[in-house]
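First the structure, in the form of structure tokens, and then the observations on it.
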Amino acid sequence: MCIFCKIVNKEIPSNIILEDENFIAFHDINPKAPVHILAIPKVHVDSFDQMSADMMQKMTPFIQNVAKEVNIHKSGYRVITNIGENGGQEVGHLHFHILGGAKLRWGHFSDADPQGHF
Ligand code: 5GP
Ligand code: ZN
């Protein structure tokens, strides 16, 4: 069983912010911003690439409610999902990072030539 499935099953403790029948949101163990929350489906899905449109539809208001719960919905926040090797995904269970609580920097995403692909 993957590490986030264990969090869903409460076999690994986590700091839960919001939970409903389909999703759970908890604080990232290694925060990259003053607010850094992970929102995940309770069922195992490998990544966004494997996610159904139906799940995305349900997850949208869940993520919005997480932002409200921690009061970053007005100040602004960022939602990120890393996908696979090049996306930098380290945990193979779909998760959305919800980042906020301060003005976020925009990243230097790759050392490759950003003009190089097309
Ligand atoms: P990824 O790199 O896959 O997009 O992000 C994985 C995230 O999960 C990382 O930000 C990492 O800090 C977080 N993480 C990994 N293991 C645990 C854990 O056991 N508990 C919590 N709360 N976060 C975790
Ligand atoms: Zn899993």
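When a ligand or atom number is given, it counts from 1 through the structure's own listing order. If you read the sequence from its start, that first residue is 1, and numbering goes on from there.
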> So which bit of I3 gets within less than 4.0 Å of ligand 1, heavy atoms only: side chain, backbone, both or neither?
Replying inline: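 Looking at I3 and ligand 1, just side chain atoms fall under 4.0 Å.
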> Are the side chains of F4 and H44 in touch, meaning some heavy atoms are under 4.5 Å apart?
Replying inline: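 No, too far: nothing below the 4.5 Å cut-off.
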> Is the closest side-chain heavy-atom distance between W106 and R78 below 4.5 Å?
Replying inline: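 Result yes, sub-4.5 Å side-chain heavy-atom pair found.
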Regarding ligand 1, does [X] bring an N or O atom to under 3.5 Å of one of the ligand's N or O atoms?
X: L38; result: no
X: F26; result: no
X: K32; result: no
X: D28; result: yes

Suppose we measure from [atom] to each protein heavy atom; which comes out shortest, and what is that distance?
atom: atom 2 (O) of ligand 1; value: G88 O, 3.2 Å
atom: atom 23 (N) of ligand 1; value: I29 N, 3.3 Å
atom: atom 22 (N) of ligand 1; value: H27 O, 2.9 Å

Could you state the interatomic distance from [atom1] ([X]) to [atom2] ([Y]), rounded to the nearest 0.5 Å?
X: N22; Y: K58; atom1: CG; atom2: NZ; result: 6.0 Å
X: I16; Y: I24; atom1: CD1; atom2: CD1; result: 3.5 Å
X: M1; Y: I12; atom1: CE; atom2: CD1; result: 10.0 Å
X: I3; Y: E90; atom1: CD1; atom2: CD; result: 11.0 Å
X: N82; Y: H95; atom1: CG; atom2: NE2; result: 6.0 Å
X: I17; Y: I98; atom1: CD1; atom2: CD1; result: 7.5 Å

>> Between E21 and K42, does any side-chain N to carboxylate O distance fall below 4.0 Å?
In response: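 The answer is no: the pair does not qualify as a salt bridge.
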> Less than 4.0 Å between a side-chain N and a carboxylate O, is that true for K32 and D28?
Replying inline: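 K32 and D28: not salt-bridged.
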Show the atoms of ligand 1 that are less than 4.0 angstrom away from any heavy atom in [X].
X: Q89; result: 3 (O)
X: E90; result: 1 (P), 2 (O), 3 (O)
X: F4; result: 8 (O)
X: H95; result: 1 (P), 3 (O), 4 (O), 5 (O), 6 (C)

> How about F23 and F96: are their ring centres within less than 6.0 Å of each other?
Replying inline: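 Aromatic pair excluded; centres sit 6.0 Å or further apart.
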> Are I7 and ligand 1 in contact, using a heavy-atom cut-off of under 4.0 Å?
Replying inline: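 Per 4.0 Å heavy-atom rule, I7 contacts ligand 1.
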> Do any heavy atoms of S14 fall under 4.0 Å from ligand 1?
Replying inline: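 Checking ligand 1 against S14, which is what was asked, there is no heavy-atom contact under 4.0 Å.
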> With a cut-off of 6.0 Å (strictly less than), are more than 12 heavy atoms of other residues, nucleotides or ligands near CZ of F62?
Replying inline: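 More than 12 heavy atoms, drawn from other residues, nucleotides or ligands, come within 6.0 Å of this atom.
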> Do any protein N, O or S atoms sit under 2.8 Å from the Zn ion (ligand 2), and which ones are they?
Replying inline: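 Those protein N, O or S atoms (cut-off: under 2.8 Å from the Zn ion (ligand 2)) are C2 SG, C5 SG, H44 ND1, H93 ND1.
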> How far apart are the C-alpha atoms of H97 and H36, what are their side-chain angles, what is the distance that settles it, and do they pass the side-chain hydrogen bond (donor to acceptor under 3.5 Å, both in side chains) test?
Replying inline: CA-CA 7 Å; H97 298 259; H36 187 172; 2.8 Å; yes
>> On a heavy-atom basis, I'd like to know which of N82, V91, I83, N30 is closest to atom 15 (C) of ligand 1.
In response: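 Looking at heavy atoms only, V91 sits closest to atom 15 (C) of ligand 1.
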